> 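Dumping the structure here so I can ask a few things about it.
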Amino acid sequence: MSAESAQPVDYAATFDDVQAAEREWLARRRAAAGMPPLQDDAVGLAFSGGGIRSATFNLGVLQALEAGGILPKVDYLSSVSGGGYVASCYSWLRARVDPVPPDGAFAVEIPGSGGSVLDWLRGHGKYLVSQRGFSIWTLIASIFASTLVNVLVLGPPLLAVVYALTLDWLPLAWPDWLSLPGGHVPSGNHGFLLLLLAGVLSLALFPLVAIAFAFVSGVPSFDNIGRIDRLRVLMGRMIVGGIALIAVGLIPITETLGEMAEHLFTTRYAEAIGHHMSYLAPIVGGIASMLMDRRKGDNNGGRLTTIGLSLVVYGLLVLSNHLALHEAWLQSPVFYGFLALSMILALVSSLNRVSIHAYYRARLSGAFLPRVGGRSTPDPGDFRLDQLDPAHGAPLHLINTTLNTTSSDNAKLRSRQGASFFFSPVYTGSTTTGFRRIEGYAGGAMALSNAFTISGAAIDPDMFATSARSVSFLMALLNVRLGYWAINPKFGDRRPLPLPWWWIFIAREMLGIGLDEKRHHVHLSDGGGFENLGIYELIRRRVRFLVVTDAGADPMTTLGDLGRAIERVRVDFGADIDIDADRLYRQRDMALMQQPYALGTIRYADGSAGRILYIKPTLCAGLTADIYAYWRANPAFPDEPTSEQFFAEPQFEAYRALGQQIVAELIGATPPPGVAEWFESIAERQAKS
């Protein structure tokens, strides 16, 4: 029996089985919606990332598509990050409300709230703190709590390791010439001494490796590109590793800075000042470097920030050594109690539940999954993805995330630092991991709220925007993370071993190891880390008609997310997207003369073709006065930064109304009979403009 045939029936190694299962799901959906059977005319709707701005704009888009009769004809609803907030809200409503009211799903009344779902969403624009009893201090307290618990779990073993490095357990002695003026030669600290010697050895061997490199490159019988490249990589690692090992190995020398200060200065507090400056200097210097980088803007590519964070990390290591040497409590029963508590928490507690991811999930669930069935309704946050039933006629929801592949053996995945990983009511997974039936994944407990929260995990170590090792190390240490450690679909039928997974996961994030597609657990984060429009998985499914809204922050109209998506689908699927994006760029400074859409074509690798309608939040003519009023008071509209996640009612309504009015204008006063006819009418309008 082959390895593939031995796989469980709910696991699919290739996408073909996934697509077949999805077509069965869509056939039932179309029957429930009163539509003809699926042929080659699948319709996809994609909502981009962009936080609450994208959610609010796309709320208006959904309302307009629903009122115009287009939404019931949509087969796939693909969402990324902030676009998934409102897309998940719509999927939840369609699963809980039957039939849908004539005014649309968002007009459903919420028992006990005194208003509709739209009113609820409008009142929860500040979703992170909008629930009763919550405030900015609740958010700050939750962040501090997750950091405190993480430090409690990591701190004791880290101090124990540092203490082990300070012990005297080898017949070695530090050379006298390493001592600072007025300072003593360190004794013991053999662990640090070995690190120092390893760093010196690494740099000392570099010339020999360089000679070997020259020899291999020059002798024809040894001239091999792979061998040469391995030597190049080795030489780079020898330099970086050597410098890092020497810096850490010299930490005991920094402990004598107080003695040097006392020797050089007669001030009463010279010794104490010098002693504490050993760790304060790099920490304060690192913070100053980051502040300087912020003042300079983007001109130096963030190099000062990287240097600053490296100094902060080094200062924390020196502080750990200071605590290990000078605090008697490290050898007390109290410390051993903390060490035991750390081990217990690492074994039994969930990093996913303690990190700020859990707070983020609870707030998103409370804001975007209202209790439309009354108080007797089960907790919406526990609503499972497999409960999205095609019998309700709603689109098949694809929730896009990024699988971290920073340390993958595959060169393509490693260079991209991520791969597409989706959740749906049918399957979940990635090309790199294979796919598993959603009802059998994670014990059948994957909730809708969890999936769209992972899709919006925009702050996380080892992402493309936080790939500097010092950044990742510090973020993981302080538990500044929204990402999620998930079961690999390939191993979804196996129970994980009872290991201290908290330590293992954080170590992987700190050091950038074990972040690939082959482990029992894979790391997932914001879908925008791979592709921020949500069209990648729709192109994979070769939809005939594709509507995509690009609500990411793009004040200069660079159309970066569109360009990246086009590149990714061309490389991975051989699909070419031809769209007149230049016109949108040329119009970026024309204010009310802009056109907020572009119609293009898709040429698939199998010879078939499709059409794509690209919609962008754009200030244009024909909008209502309240939108213009908000714009005049807030000139950055509609591209206010994604960091702005607290929408008051005027801001919320401006973005919602913008999305609704743009799409309503595209549909027209007389709704078209079908999606094909709608696209034709837009093509005629574009040809005349």
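Here the structure is a predicted model, which is why all the values come from computation and not from measurement.
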> Just by distance, do the side chain of Ser342 and the backbone of Phe338 share a donor-acceptor pair under 3.5 Å?
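The answer is no, because no donor-acceptor pair under 3.5 Å joins these two groups.
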> Give the intermediate values and the outcome of ring pair (Phe, Tyr, Trp, His ring centres under 6.0 Å) for residues Trp485 and His523.
CA-CA 5 Å; Trp485 283 96; His523 190 65; 4.7 Å; yes
> Under a 4.5 Å cut-off applied to non-hydrogen side-chain atoms, are Ile487 and Tyr441 in contact?
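Yes, close enough: below the 4.5 Å cut-off.
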> Any sub-3.5 Å donor-acceptor pair from Glu517's side-chain atoms to Arg519's backbone N or O?
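No: the side chain of Glu517 does not pair with the backbone of Arg519.
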> Are Leu448 and Ile399 side-chain neighbours, meaning at least one heavy-atom pair lies under 4.5 Å?
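Yes, side chains in contact.
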> Show, in sequence, the C-alpha distance, side-chain angles and deciding distance for Phe57 and Thr549, and conclude whether the side chain to side chain contact (heavy atoms under 4.5 Å, CB included) test is met.
CA-CA 9 Å; Phe57 177 81; Thr549 63; 4.2 Å; yes
> Ignoring hydrogens and angles, state whether a donor on the side chain of Asp526 or Ser81 is under 3.5 Å from an acceptor on the partner side chain.
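Distance-only check passes for Asp526 and Ser81.
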> Is any side-chain heavy atom of Thr405 less than 4.5 Å from a side-chain heavy atom of Leu403?
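In contact.
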> Report yes if the side chains of Arg437 and Tyr11 come closer than 4.5 Å at any heavy-atom pair, otherwise no.
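With C-beta onward as the side chain, the pair stays apart.
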> When you measure from the side chain of Thr56 to the backbone of Ile52, do you find a donor-acceptor pair of N or O atoms at a distance under 3.5 Å?
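Side chain of Thr56 to backbone of Ile52: a pair is present.
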> Begin with the C-alpha distance, continue with both residues' side-chain angles, and end with the deciding distance and a verdict on side chain to side chain contact (heavy atoms under 4.5 Å, CB included) for Leu148 and Phe144.
CA-CA 6 Å; Leu148 177 64; Phe144 281 171; over 6 Å; no
> Heavy-atom distance under 4.5 Å between the side chains of Trp503 and Leu351, does that happen here?
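A side-chain contact under 4.5 Å is absent here.
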> Counting only heavy atoms from other residues, nucleotides and ligands, does the tally under 6.0 Å from CZ of Phe192 exceed 12?
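More than 12 within 6.0 Å, yes.
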> Just by distance, no angles: are the side chains of Tyr427 and Asp10 close enough, under 3.5 Å, to form a donor-acceptor pair?
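No, Asp10 and Tyr427 have no side-chain donor paired with an acceptor closer than 3.5 Å.
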> For Asn404 and Thr406, test the side chains for any donor-to-acceptor distance below 3.5 angstrom and give the result as yes or no.
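Yes, Thr406 and Asn404 have a side-chain donor paired with an acceptor closer than 3.5 Å.
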> State plainly whether the residues Asp516 and Lys518 are in salt-bridge range, i.e. N to O under 4.0 Å.
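Judged by the 4.0 Å cut-off on N to carboxylate O distance, Asp516 and Lys518 do not form a salt bridge.
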> Would you please say whether a donor-acceptor pair under 3.5 Å links the side chains of Asp460 and His357?
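The criterion, which ignores hydrogens and geometry beyond distance, is not satisfied for His357 and Asp460.
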> With distance as the sole test, does Ser54 use its side chain to make a donor-acceptor pair with the main-chain N or O of Gly82 at under 3.5 Å?
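Checking the backbone N and O of Gly82 against the side chain of Ser54, no donor-acceptor pair under 3.5 Å is found.
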> Got Leu533 and Val80 here, is their nearest side-chain heavy-atom distance under 4.5 Å?
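No, side chains not in contact.
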> Quick one: are the ring centres of Tyr85 and Tyr127 less than 6.0 Å apart?
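That pair passes the under 6.0 Å test.
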> Are Glu509 and Arg481 ion-paired here, with the side-chain N under 4.0 Å from a carboxylate O?
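Judged by the 4.0 Å cut-off on N to carboxylate O distance, Glu509 and Arg481 do form a salt bridge.
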> Given side-chain hydrogen bond (donor to acceptor under 3.5 Å, both in side chains), test His397 with Ser424 step by step and report yes or no.
CA-CA 6 Å; His397 193 174; Ser424 84; over 6 Å; no
> Would you say the side chain of Phe421 lies within less than 4.5 Å of the side chain of Pro489, judging by non-hydrogen atoms?
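The answer is yes; the side chains approach within 4.5 Å.
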> Do Val426 and Leu396 have side chains that get closer than 4.5 Å, going by heavy atoms?
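Yes; the side chains approach each other to less than 4.5 Å.
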> Thinking salt bridges, do Lys616 and Asp561 make one under a 4.0 Å N-O criterion?
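Between Asp561 and Lys616 there is no salt bridge, as every charged N stays at least 4.0 Å from the carboxylate O atoms.
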> What pairs with Thr402 under side chain to side chain donor-acceptor pair (under 3.5 Å), at least two apart in sequence or on another chain?
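Result, side chain to side chain donor-acceptor pair (under 3.5 Å) vs Thr402: none returned.
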> Quick one: sort the Phe637 and Tyr655 rings into parallel, tilted or perpendicular, breaks at 30° and 60°.
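Rings of Phe637 and Tyr655: perpendicular, over 60°.
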> Between the side chain of Ser455 and the main-chain N/O of Asn400, is any donor-acceptor distance below 3.5 Å?
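Checked: pair present.
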> Measure from the side-chain N and O atoms of Ser320 to the backbone N and O of Leu316, and report whether any donor-acceptor pair falls under 3.5 Å.
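Present.
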> Evaluate the ring pair (Phe, Tyr, Trp, His ring centres under 6.0 Å) criterion for residues Phe530 and Tyr536: first the C-alpha distance (whole Å), next the side-chain angles of each, then the deciding distance (0.1 Å), finally the verdict.
CA-CA 9 Å; Phe530 179 78; Tyr536 182 89; 4.8 Å; yes
> Which pair of non-hydrogen atoms, one from Glu531 and one from Ile535, has the smallest distance, and what is that distance?
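Here Glu531 and Ile535 meet closest at OE1-N, 3.0 Å.
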> Measure from the side-chain N and O atoms of His124 to the backbone N and O of Ala367, and report whether any donor-acceptor pair falls under 3.5 Å.
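No: the side chain of His124 does not pair with the backbone of Ala367.
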> Out of the candidates Asp639, Asn58, Thr642, only one should pair with Arg53 under the side-chain hydrogen bond (donor to acceptor under 3.5 Å, both in side chains) rule; please name it.
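Of all the options given, the one that passes is Thr642.
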> Holding to side-chain contact (heavy atoms from CB on, under 4.5 Å), I want the full list of residues that pass it with Pro498, two or more places apart in sequence or in another chain.
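In terms of side-chain contact (heavy atoms from CB on, under 4.5 Å), with neighbours along the sequence ignored, Pro498 is linked to no residue.
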> Less than 4.0 Å between a side-chain N and a carboxylate O, is that true for Asp409 and Arg414?
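No salt bridge links Arg414 with Asp409.
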> Any chance the side chains of Arg540 and Thr431 put a donor and an acceptor closer than 3.5 Å?
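Checked: Arg540/Thr431 side chains pair up, N/O donor to acceptor below 3.5 Å.
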> Is it the case that over 12 heavy atoms from other parts of the model lie below 6.0 angstrom from the CZ atom of Phe646?
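Yes, enclosed.
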> Are Arg363 and Phe134 in a cation-pi setup, meaning NZ or CZ lies under 6.0 angstrom from the ring centre and within 45 degrees of the ring axis?
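Positive - Arg363 is close enough to the ring of Phe134 and near enough to its axis.
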